Asks: 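I have a structure here, written as C-alpha cells, and I will follow up with some questions on it.
Note that ligands are numbered from 1 as they come in the structure, with each ligand's atoms numbered from 1 the same way. Predicted model, so just to flag it, every value in this text is computed and none were measured.
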Amino acid sequence: MSEPTVVHANSREPSFADWMRGVQAQLEAALARNLPPGEAIPGRLHQAMRYASLDGGKRVRPLLVFAAGDLTDAARERLELAASAVELIHSYSLVHDDLPCMDDDVLRRGRPTCHVEYDEATALLVGDSLQSLAFELLAREDFGDGARQLEMVRLLARASGSCGMAGGQSIDLESVGKTLNQPELELMHALKTGALIRAAVILGALCGKPLSTTEREALDRFAKRAGLLFQVVDDILDCTASTATLGKTAGKDAAAEKPTYVSLLGLERARELAADLRAQALQALNLFGERSQRLVELTDFITRRKF
Ligand code: IPE
Ligand code: IPE
Ligand code: MG
Ligand code: MG
Ligand code: MG
C-alpha cells in the first residue's frame with residue numbers, strides 16, 4: 001500500500017478545516033441535547049431558543065475554547081460544557097442586539113431575526129433564558145475542582161454583564177451619531193465583543209491543568225488582542241461584504257451612524273490595524289510553541305474570514 005498523502009505539517013493531526021468541522025459538529029450536538037426540546041412547555045419559547053442557537057454561526061468562541069484547551073490538556077467533556085455556555089451567551093447577545101430598540105435588524109445567520117420569526121417579547125425572553133441556561137451548564141457537572149469552577153462561573157458572568165458585553169452594548173447605543181476617539185472606540189469594542197472572546201480563551205485553558213502566571217498573562221494578552229481584532233474585522237466586513245455573504249444586513253453601521261474603526265480610520269488604516277492586532281496576538285502565543293497551533297490557525301481565520 002502506498003503512503004497516505006501528507007496534507008498537514010503534522011500528519012497525525014487533522015487539518016484545520018477538519019478540526020474546525022469536528023468542533024462545530026460536537027458543539028451543535030451538545031447544544032441540541034442541552035437546550036430544552038421544542039415540545040416542552042412553554043413550547044413557543046423553547047422553539048425560539050433553539051431557533052436562535054442551533055444550525056448557524058461560525059462558532060468562533062467555542063473554537064477558541066477548544067483551541068485554548070490544547071494548552072492545558074483539557075478534557076473534551078469539560079470543554080464542551082464551557083464552549084456551550086459561551087456560545088449560549090453569544091447567541092443571546094445577538095438576539096438582543098437585533099431587537100428594534102437596539103440595532104433593529106431583520107436578518108441574522110441567513111435567516112429572519114428571532115423577533116421577526118417570533119415576536120419581540122419572545123426574543124427578549126429567549127435572551128434571558130439562553131443566559132440562564134449558560135450558567136446552568138457551567139455549574140451542572142462537578143469539574144473536580146470547586147474553586148476553579150467558581151472562577152469560571154465568575155469569569156463568564158463578568159464578561160457578560162455591565163463591565164463586559166452588556167456594558168459595551170450600552171456604550172454602543174450611547175455613541176450613535178457621535179465621533180469617538182480611538183481609546184474610546186477601543187474600550188467599546190473590547191467590552192461589547194472582546195470580553196466574551198477573552199472569556200472563551202481563558203475558560204478553555206481553565207478546563208485543564210493550571211498555567212503558570214507567565215503563561216496565563218501571555219494567554220490573556222493574546223485573548224485581548226484577538227477580541228479586538230474580531231470586532232475590527234466585523235466593522236470592515238460591514239462595509240465591504242454583501243448581505244448574502246454575511247447572512248446579516250450589510251452597511252448597517254454607516255446607515256445607523258455607529259462609530260466604527262472604518263468610520264474613525266478609513267478602510268485602509270482599519271485593515272492595517274487588523275494586521276497589527278493579528279501580529280500582536282500571534283506574538284503573545286510564541287511562549288506556547290506547538291501547543292498553540294490551533295489558536296494560531298484560528299487567529300488567521302478570524303483575520304481572513306469573509307463573513
Ligand atoms: C457577530 O459575531 C457579532 C459580533 C460580536 C461582532 P459572529 O461573527 O461570531 O457571529 P456568528 O456567531 O458567526 O453568527
Ligand atoms: C454586536 O456588534 C456585538 C454584540 C454584543 C452582539 P454588532 O452590532 O456590530 O454585531 P452585528 O454586526 O450585528 O453582528
Ligand atoms: Mg450592535
Ligand atoms: Mg448589530
Ligand atoms: Mg457589526
Asks: Under 3.5 Å between any N/O of K58 and any N/O of ligand 1: does that happen in this structure?
Replies: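 So ligand 1 has an N or O lying under 3.5 Å from an N or O of K58.
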Asks: Of K248, R109, M102, which has the heavy atom at the shortest distance from atom 14 (O) of ligand 2?
Replies: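 It is K248 whose heavy atom sits nearest to atom 14 (O) of ligand 2.
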Asks: State whether F66 and R59 meet the cation-pi test: NZ (Lys) or CZ (Arg) under 6.0 Å from the six-membered ring centroid, and within 45° of the perpendicular axis.
Replies: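 Judged by the rule (NZ or CZ under 6.0 Å from the ring centre, within 45° of its axis), R59 is not positioned above F66.
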Asks: Judged on heavy-atom distance to atom 10 (O) of ligand 1, which of R305, H90, H189 sits nearest?
Replies: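 Of the listed residues, H90 has the closest heavy atom.
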Asks: I need the nearest protein heavy-atom contact for atom 9 (O) of ligand 1: residue, atom name and distance, please.
Replies: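 Heavy-atom neighbour on the protein nearest atom 9 (O) of ligand 1: R61 NH1, 2.8 Å.
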Asks: Side chain, backbone, both or neither: which part of L196 comes within less than 4.0 Å of ligand 2 when only heavy atoms are counted?
Replies: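 It is neither part, as no heavy atom is under 4.0 Å.
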Asks: Considering only protein heavy atoms, which is closest to atom 6 (C) of ligand 2, and at what distance to one decimal place?
Replies: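 Ranking protein heavy atoms by distance from atom 6 (C) of ligand 2, first comes S93 OG, 3.4 Å.
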Asks: For atom 3 (C) of ligand 1, which protein heavy atom lies nearest, and how many Å away is it?
Replies: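 Result for atom 3 (C) of ligand 1: L94 CD2, 3.6 Å.
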Asks: Is it the case that ligand 2 has an N or O less than 3.5 angstrom from some N or O of D234?
Replies: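 Yes - when backbone and side-chain N and O of D234 are compared with those of ligand 2, one distance drops under 3.5 Å.
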Asks: Between S292 (side chain) and G289 (backbone), is there a donor-acceptor pair under 3.5 Å?
Replies: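 Yes.
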Asks: Under a plain distance cut-off of 3.5 Å, with no hydrogens placed, do R225 and Q283 share a side-chain donor-acceptor pair?
Replies: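 There is no such pair (donor and acceptor under 3.5 Å, judged by atom type) between the side chains of Q283 and R225.
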Asks: Find, among atoms of D234 that are N, O or S, the one nearest to the Mg ion (ligand 5), and state its name.
Replies: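 Closest N, O or S atom of D234 to the Mg ion (ligand 5): OD2.
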Asks: Which residue is it: D234, D98, D105? I am looking for the one with a side-chain hydrogen bond (donor to acceptor under 3.5 Å, both in side chains) to K248.
Replies: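 Of the listed options, the one satisfying the test is D234.
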Asks: For atom 5 (C) of ligand 2, what is the nearest protein heavy atom, given as residue, atom name and distance?
Replies: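 Atom 5 (C) of ligand 2 sits closest to the protein heavy atom K192 O, 3.2 Å.
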Asks: Provide, to 0.1 Å, the distance between atom 4 (C) of ligand 1 and the closest protein heavy atom, together with that atom's residue and name.
Replies: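 Scanning the protein heavy atoms, the shortest distance from atom 4 (C) of ligand 1 goes to Q231 OE1, 4.0 Å.
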Asks: Examine the side chains of E28 and Q24 and answer whether a donor and an acceptor come within less than 3.5 Å of each other.
Replies: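 No - no donor-acceptor pair under 3.5 Å links their side chains.
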Asks: Under 4.0 Å from ligand 1, counting heavy atoms only, is it the side chain of D97, its backbone, both or neither?
Replies: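 Neither part.
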Asks: Go through ligand 2 atom by atom and flag the ones less than 4.0 Å from a non-hydrogen atom of M165.
Replies: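 Per the distance check, 5 (C).
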Asks: Show the atoms of ligand 1 that are less than 4.0 angstrom away from any heavy atom in G57.
Replies: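 Contacts of ligand 1 toward G57, numbered from 1: 11 (P), 12 (O), 13 (O), 14 (O).
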Asks: Evaluate R108 for polar contact with ligand 2, using N/O atom pairs at a separation under 3.5 Å.
Replies: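 Yes.
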Asks: Measure F230 to ligand 1 on non-hydrogen atoms and call it side chain, backbone, both or neither using the 4.0 Å cut-off.
Replies: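 It is the side chain that touches ligand 1; the backbone stays farther off.
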Asks: If the test is side-chain hydrogen bond (donor to acceptor under 3.5 Å, both in side chains), which one of K258, K252, H96 qualifies with D103?
Replies: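 Of all the options given, the one that passes is K258.
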Asks: Just by distance, do the side chain of S175 and the backbone of K178 share a donor-acceptor pair under 3.5 Å?
Replies: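 No.
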Asks: Indicate the ring-plane relationship of Y261 and H189, choosing parallel, tilted or perpendicular according to the 30° and 60° boundaries.
Replies: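 Perpendicular, since the angle between the ring planes exceeds 60°.
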Asks: Of the non-hydrogen atoms in C207 and L79, which two are nearest, and what is the gap between them?
Replies: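 Closest pair (atom of C207, atom of L79, distance): CB-CD2, 3.7 Å.
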Asks: Among all protein non-hydrogen atoms, which one is nearest to atom 8 (O) of ligand 2, and what is the separation to 0.1 Å?
Replies: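 Checked against all protein heavy atoms, atom 8 (O) of ligand 2 sits closest to D103 OD2, 2.7 Å.
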Asks: I want to know if ligand 1 touches R59 in the polar sense, i.e. an N/O pair below 3.5 angstrom.
Replies: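 No; the residue has no nitrogen or oxygen that sits under 3.5 Å from a nitrogen or oxygen of the ligand.
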Asks: Please could you name the atoms of ligand 1 that T193 approaches to less than 4.0 Å, counting only its heavy atoms?
Replies: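 Once the distances to T193 are compared, the set is 5 (C).
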Asks: Which atoms of ligand 2 sit under 4.0 Å from any heavy atom of Q169?
Replies: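 Atoms satisfying the 4.0 Å criterion: 3 (C), 4 (C), 5 (C), 6 (C).
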Asks: Mind listing the closest non-hydrogen atom pair of S160 and Q131 along with its distance?
Replies: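 Between these two residues, the closest heavy atoms are CB-OE1, 4.1 Å.
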Asks: Applying a strict under-4.5 Å side-chain criterion to I, L, V, M, F, W and Y, I'd like to know whether V126 and Y118 cluster together.
Replies: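 In one cluster with V126: Y118, no.
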Asks: Can you tell me if R108 uses its side chain to pair, donor with acceptor, with the backbone of T113 under 3.5 Å?
Replies: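 Not at all, since once roles are kept as given, no pair shorter than 3.5 Å links the two residues.
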